[in-house]
Number of protein chains: 2
Amino acid sequence: MIIKMKAAEEIKVNQVQIKDNFWSVIQERIINIVIPFQEKVLNDEIPGVAKSHAIENFRIAAGLSEGEFYGMVFQDSDVAKWLEGVAYSLAVKPDEDLEKRADGIIDIIEKAQQPDGYLDTYFIIKEPEKRWQNLQECHELYCAGHMMEAAAAYYQVTGKDKLLHVAERMADHIIGRFGEDKERGIPGHQEVEIGLMKLYHATGKKKYKDMARFFLEERGKNPNYFYEEKIKRGWQHWGQYSLKPLDSTYNQAHTTIYEQKEAVGHAVRAVYMYTAMADLAGEDKDQRLFDACLTLWNNIVQQRMYVTGGIGSTMEGEAFSADYDLPNDMAYAETCASIAMVFFAKRMLEIKPDGKFADIMERELYNGIISGIQLDGKKYFYVNPLEVNPGVSGKIYGYKHTLPERPGWYECACCPTNLVRLIASLGAYAWSESDTTIYSHLFIGQKAQMHKANVEVESSYPWEGKVAYHVKPKSDSEFTLAIHIPEFVNAEDENTIIAVNARSVEIRKALKSGYLYITRTWKDGDIVDIQFAMPGRKIFANQRVRDNAGCVALMRGPIVYCFEGVDNGENIQALRIPKEMKAEPFLWKEGVLKGNVCLRMEGYCMEGNNELYSEERPAKKHAELTAIPYYAWANRGENQMRVWMLEEQ
Amino acid sequence: MIIKMKAAEEIKVNQVQIKDNFWSVIQERIINIVIPFQEKVLNDEIPGVAKSHAIENFRIAAGLSEGEFYGMVFQDSDVAKWLEGVAYSLAVKPDEDLEKRADGIIDIIEKAQQPDGYLDTYFIIKEPEKRWQNLQECHELYCAGHMMEAAAAYYQVTGKDKLLHVAERMADHIIGRFGEDKERGIPGHQEVEIGLMKLYHATGKKKYKDMARFFLEERGKNPNYFYEEKIKRGWQHWGQYSLKPLDSTYNQAHTTIYEQKEAVGHAVRAVYMYTAMADLAGEDKDQRLFDACLTLWNNIVQQRMYVTGGIGSTMEGEAFSADYDLPNDMAYAETCASIAMVFFAKRMLEIKPDGKFADIMERELYNGIISGIQLDGKKYFYVNPLEVNPGVSGKIYGYKHTLPERPGWYECACCPTNLVRLIASLGAYAWSESDTTIYSHLFIGQKAQMHKANVEVESSYPWEGKVAYHVKPKSDSEFTLAIHIPEFVNAEDENTIIAVNARSVEIRKALKSGYLYITRTWKDGDIVDIQFAMPGRKIFANQRVRDNAGCVALMRGPIVYCFEGVDNGENIQALRIPKEMKAEPFLWKEGVLKGNVCLRMEGYCMEGNNELYSEERPAKKHAELTAIPYYAWANRGENQMRVWMLEEQ
């Protein structure tokens, strides 16, 4: 199958302004609460939060301050990720003061850069003689990658190129050191590949794309690379927690990217790599590389993903485990890994606009990603379990990582900063544009300035199936508007209506691989109306998923629901969803859940005697059940929670 | 409630000869395979098995050999437990050679004992100046306790008192050191309390019972005892794996025995302590102490025990976790902990012959204990999960301890040696005798020489409900034979027949707290016949046990059944037990399971599509299901196994 490669091109964050009853609130929360909070953390101004020292490290490296390096070996990346988030937030909401402060930090970063382009404060300050000896643990390439992403973003939004030049000099330094005929190193934590691709997109310089390809294709050629590196250097950075150099699956270095058929190891590392692979495949119209991406994509979404979009089901190594091994109460499902899936999905969409990629992007965004942030924006989950049980979760071996409430800021601040950069740049994920077509991937209320037209989207999503596209073409040439119709929309349903200027579109004809294609000579004021019913739906898991046997999960639209103890009593496992379910949506009217559409239904509660084991069959009693959106769980104190519920027996 | 204390007295192992179609085979396996194998291990004669050095340590301490101490700090206990097992095995099957070799080892032990009575080869050889400074980690009292048990057993069976005197000298040394007005130490691993009680039973010397009471009652008076001990000595034995001295629940030192209301911490430590408490409560007719035992007993059997009798549900600390936290696929359920429950149950029965104690003893013996030993007697489980899944169990974090096959001998050889001493002395658990009554606790075929009568039991148990007691009284005084009737026997069922000399007994009248009381002037040749139906039964777990929601376990008689992949296909979680189950028992005719009564039934298999998540309801197809006794699992290669099965929906 020859596919049409690189169908669409990258959308810049400042082409889109989100105005959505659902997402604008979250974007504002991110911009008004998380970015300033994180800035204070980076400057060590928040008492009670683990010391960061990240900006101070740059000051010391720049000779502007005296002192010792402090923090994780990859502490620099916190500053880079914050800067990237700031860049996107400036596109959403210009803020002169913030931009000035960011410029100031960029000045310091520039001063910290060494004459040869090298930039990593840990090694500059602490062990300059040990540079580039420990790619496995010391994350110099990882930090460089994040700085490249920040630089590209800052340049894209503000037009300022100081950080871009810093990133280019570091990239050139890397190019000078690594390659086919040079040192055949690979990063211990993939990320520089994405950074190099972004630098390529920002500058058009092919050498950065080539370098990304080198790192991707070198990986796994020598599965013992990190082991040999360790022997050669004779020291290790992480002491007793040191990464096992012989476990090359952990960072996907066990075989080449073309031979990898299963998603293994650390989920974030893996999906960052797949993201860069997809980006490169699209740029180079590389069918073989795209096929490699597709194999890994399919393994994740067909065997290794929670219904919430969570991936990486085991705590050990924050990693993928085995096909269909998806324990709900032990899930790792790191917020960052779900975010990475959006990166990956978007790159895949840019090659091939297929609803299956957009559906996953939507699943991640409305569920496993925003579950990572408390509704007030102040606390975060790294781990997103699908079941917690008070007294067990967070306390007992095996469940210690599945905390029943969001704990706040972490020493390793990856997830909150990743949330910031994704959500602040959300608009860029909603669209693609090719020569002939504008693609809309997400039903988010927004104004988008595309090459062929300005498009304004009004949306009642995700609570109602009602979206309208107002198209204002920029010329009178014919073009196509391709709108992703989520997989759950029933095209056969009489309530599903798609109309252009109030005239019905024949859906079956217009719908192809999850996208509705409307080709015409657009006129200013043209409106595409989309309406569909959103009943509560029962989802069954594959019979091979042992943890969901006999269970259903509930969804409505793109939202996965869960049941909490505070609404349903202390014994959620005793509740049963009826075979003939009538789930009634209702708007939560007050308190922290205000504005959420929840589900109410008649169900059952099994009541047994007090014995631990008994021959007496428990009785089936009627019970009223209430489900809330999964992402909104754990906002009302510690209590039990389950996504997968047993059906009536 | 005033209970009749110490209703019954200890039965000596040589009063009973087991002749049972079920247990004799296991006893023979233990005596013919495990004891000789372990002897070779202790003598370092088995290549490929972790070096023991345990006997060599005694030789070195005795000055009979040169060298360094090797092994765990409690290596001595392996020799003691082996000697105890040998003693019981000599009662079952006299063996002059074995006895001679055991005598030889006892000679060495005697020589190793120090002039002041002290006996612990680790400290004698390695760090004599550090004796008694680290009760938390160094297990001197633990080893002493096992030596006391061995000594009492060896004396009981052979009449030889050399080891008894060794144990008494060590006990006297301990009495000289610890007590109210002396050092207020407590053992880090309870066991010496049981040993002291056995020494008391063997010698009648009250000082040993008093010392047991001191250790039991001192415990928890100072919850910081081990912390203060650590500060005082300034060293630790176990390096990075050191026990946390502030976690005083781990070894039940957090509060006094009277204030402990929940079974917490390391399960074996806990139940060894409860065993000594119950023994002492019976001896001293101590109602308060018995009440303390009963509280802890109830917490275990009503909230913290698997249906197999397994206890200690978490791997971390091999410990009790929380009420109703009984994960099947992560269970620890150590074989030793189930064995300890038999010790505890028997002591409780000696105080109060209540069927609830005997039922648990039976549950442990037929399920969670003998699952620890492979059917050929050659490999052992320490951990007894109720579910394993190939590719996950034994491999992935959280499940690494739940091995899908028995791995053989361990460096820490606690479970096999505990199995030996329990099963070789099984006869002693089957009976009690008081002034007025002979109690039969277990339906095991055997000949028992009691004070009031010789009783011969013929039994088809556990495969058929058919048992006969042949009574041969020793005098013509009236006495009572009280026979435990398992809780599952339906007294109302017309198939349940109890008859004395073919004349029916009115069961409802004769049955009290699980025991059938028959009082008469017995004549030689009197026969009590007991018959009852044993249909396959569905067991429901308490609705608070989240891991068994919607599930049933199957039992027939005392046997818990499980489903293995080899009989039921690769996807056991997709199978369903029908609401109206017709489980047909059948005798397995060949191969490793030969002789086991298994269950066959019509059931269902849920078949869904290939999607990971789908709105399509899986179809319910007919399937033939086969269950085998739980204890016999993992004897046919690695495959899936489940005890708890979903019921038809």
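Lettering follows sequence order; numbering is per chain, from 1. Below, all heavy atoms of this structure are taken into account, side chains as well, without hydrogens, waters or symmetry copies.
Residues passing the side chain to side chain donor-acceptor pair (under 3.5 Å) test with E334(B), sequence neighbours excluded: none. For K400(B), the side chain to side chain donor-acceptor pair (under 3.5 Å) test picks out E316(A), with sequence neighbours left out. Judged as a side chain to side chain donor-acceptor pair (under 3.5 Å), and not counting sequence neighbours, K261(A) has no contacts.
Residues E611(A) and N542(B) approach most closely at O-ND2, 3.0 Å, considering heavy atoms. Here the shortest heavy-atom pairing between I396(A) and D325(B) reads CD1-OD2, 3.7 Å.
Proximity to chain A (any heavy atom under 4.5 Å) is shown, for R617(B), by both the backbone and the side chain. In this structure, chain B has heavy atoms under 4.5 Å from both the backbone and the side chain of Q543(A). With a threshold of 4.5 angstrom between heavy atoms, D323(B) does not approach chain A through any atom at all.
The stretch residues 550-563 of chain B places G550(B) near chain A, each with some heavy atom under 4.5 Å from a heavy atom of that chain.
For the pair R537(A) and Y613(B), the NZ or CZ position fails the cation-pi test of under 6.0 Å to the six-membered ring centre and within 45 degrees of the ring normal.
Residue K582(B) places its NZ atom among 12 or fewer non-hydrogen atoms of other residues, nucleotides or ligands, all under 6.0 Å distant. Residue-environment remark: CD (E615(B)) exceeds the threshold of 12 foreign heavy atoms within 6.0 Å.
With Y397(A) as reference, Y397(B) is the one residue of Y332(B), Y399(B), Y397(B) to meet the ring-ring contact (aromatic ring centres under 6.0 Å, His included) rule.
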